[in-house]
Colleague: 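I am attaching a structure below and will ask some questions about it afterwards.
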Amino acid sequence: MEKKYGRPIEEWKELIRTSPLTKHTELVNWLKSEHGLGHGHANALVVHTRAEGGSD
């Protein structure tokens, strides 16, 4: 993922944690539309970040 999208995973997680969006689908769609991530990668990042308690 880091090689494909140019950012470390922790940086993506920080973007998710600091986003004003709170719903899973909103976050996934935002990562896809604003940052060009594929659905699988966006979904995985949101799931893992939220599981760590980083977002509602």
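Please read these numbers as outputs of a predicted model, since none were measured by experiment.
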Colleague: List the steps, then state whether side-chain contact (heavy atoms from CB on, under 4.5 Å) holds for I16 with L21.
Modeller: CA-CA 8 Å; I16 293 166; L21 303 173; over 6 Å; no

Colleague: Show me the side-chain donor-acceptor pairs of residues 8-15 shorter than 3.5 Å, one per line, residues at least two apart or across chains.
Modeller:
unit_1, atom_1, unit_2, atom_2, d
E10, OE1, R17, NH2, 3.2
W12, NE1, R7, O, 3.4
K13, NZ, E52, OE2, 2.8
E14, OE1, R17, NE, 3.3
E14, OE1, R17, NH2, 3.3

Colleague: Backbone N or O of K23 within a donor-acceptor pair of the E26 side chain at under 3.5 Å?
Modeller: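 It does hold such a pair.
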
Colleague: Taking only residues two or more places apart in sequence or in another chain, which ones pass ring pair (Phe, Tyr, Trp, His ring centres under 6.0 Å) with H48?
Modeller: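 For H48, no residue satisfies ring pair (Phe, Tyr, Trp, His ring centres under 6.0 Å) once neighbours in sequence are set aside.
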
Colleague: Could you give the distance from OG1 (T49) to CG (L27), rounded to the nearest 0.5 Å?
Modeller: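 Between atom OG1 of T49 and atom CG of L27 there are 8.5 Å.
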
Colleague: Would you tabulate the side-chain donor-acceptor contacts of residues 36-43 under 3.5 Å, counting partners in other chains and residues two or more places apart, or write 'none'?
Modeller:
unit_1, atom_1, unit_2, atom_2, d
H39, ND1, K32, NZ, 3.3
H41, ND1, Y5, OH, 3.2
N43, OD1, H24, NE2, 2.6

